[in-house]
Amino acid sequence: MPAGKRILLIVAGGIAAYKVLELIRRLRERGISVRSVLTRGGAEFVTALSLQALSENKVYTDLFSLTDESEMGHIRLSREADLVVVAPASADILAKMAAGLADDLAATALLATDKPVMVAPAMNTQMWAHAATQANIATLKSRGILTIGPNAGDLACGEVGAGRMSEPHEILAAIEAFFASPAQQPLAGFKALVTSGPTHEAIDPVRYIANRSSGKQGHAIAAALARLGASTTLISGPTRLSNPPGVSLVAVESAREMLTACQAALPADVAVCAAAVADWRVASPANGKLKKKGGKPPALELVENPDILAALSAAGNARPRLVVGFAAETDQVVENAKAKLKRKGCDWIVANDVSSATGTFGGDSNTVHLVSQSGVEDWPPMSKDEVALRLARRIGEQLAALR
Ligand code: C5P
């Protein structure tokens, strides 16, 4: 199941461009997200509006658009995908790719990407058979570019022969086969459990104690684990975030509900506790709304919440093979994390340096150290998505070693 994967779809000029509308629908049905780049030639055949409506994502059309560049540079655009698909791939764009030209957004993204690229050629049969096109295709294949089609048959120009773009279902099958390959899915067959977000601890039916956790890091970890093939359950307190694609979400409010949901989600191969669980809850929440009666405000007696990370680490036979916790620290980050590793009984602690400008609650970036029994890895500052993917890859390596 490739749900959660991201495709950058480059639509070049060709009558077959209308078929990519169907392709986008089928990809979306499978939980694959699509971002599109429409070339000037492509825009002669389909509109940006159609691509946008079907992909539910912004469509990028011009390298020199300042607004696009400020929102999302062409480098990021080309890298924030698991696969780049060029469909239809015209003779022109194949020639640009082979030559390494970068004279528009599509060509630049193709030159800048560090991700696998699949092309679905579509052109007149003579253009396809031409020695120049065949040499370009051979060059691209030798560089590891994946190709699908073209098919032989009636062409829109009235001629018959090779040059028809593969049908959407054929391109979809090629994409699914690509994502199913073991190199892309190191966590296939593994089950992951992730906690995320804050918890809300009731004072009365309308008031609660909470914290400022955004859930961004935990949600990003769940998304990354799912992308690498793990069957992933995300147990989250209330956040403003949408459910990451390909992840099953269990929404909870309090720490006790989170613990119960975690226990129900076992067995799992890996548990990542990224939630900012409230340390305390109100001992006896009021059944009715507390009234301001004048005089003294009510005293709140607090009791300690269960420690979910420690409970999962001590779950006996049901203990996940790898239990990962987080530690937000402002000083002596690594020392404190080592102590926490022992205290909680987990295998790894991702120690989060919250003293610097990065790594603050609600932000998009993080500076972390991965602390385990066998040592400490210092990771450079990076986005929460990058931390998530790197952690998911390390989890994949570890589970493969423990198998
Ligand atoms: O004890 P402290 O809150 O510093 O530990 C942080 C780690 O423990 C995080 O991984 C957090 O998700 C987890 N934790 C938990 N249950 C609690 C408190 C913290 O799972 N009640």
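It should be emphasised that the depicted structure is a prediction, and the values quoted were computed from it without experimental measurement. Both ligands and their constituent atoms are indexed starting at 1 by order of listing.
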I would like to know whether E397 and R393 meet salt bridge (Lys or Arg N to Asp or Glu O under 4.0 Å); could you show each step before the answer?
-> CA-CA 6 Å; E397 287 163 16; R393 290 215 173 99; over 6 Å; no
Stepwise, does the salt bridge (Lys or Arg N to Asp or Glu O under 4.0 Å) test hold for D385 with R227?
-> CA-CA 12 Å; D385 286 342; R227 236 170 61 216; over 6 Å; no
Give the intermediate values and the outcome of salt bridge (Lys or Arg N to Asp or Glu O under 4.0 Å) for residues E80 and K115.
-> CA-CA 9 Å; E80 285 188 2; K115 295 300 181 319; over 6 Å; no
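No hydrogens or angles considered: a donor-acceptor pair under 3.5 Å links the side chains of E201 and T199.
Atoms CD1 and CZ, from I203 and R281 in turn, are 14.0 Å apart once rounded to the nearest 0.5 Å.
The contact shell of ligand 1, taken as protein residues with any non-hydrogen atom closer than 4.0 angstrom, comprises C273, A275, V277, P306, D307, I308, L309, G325, F326, K340, K344.
Shown here are the salt bridge (Lys or Arg N to Asp or Glu O under 4.0 Å) partners of K19, two or more places apart in sequence or in another chain: E167.
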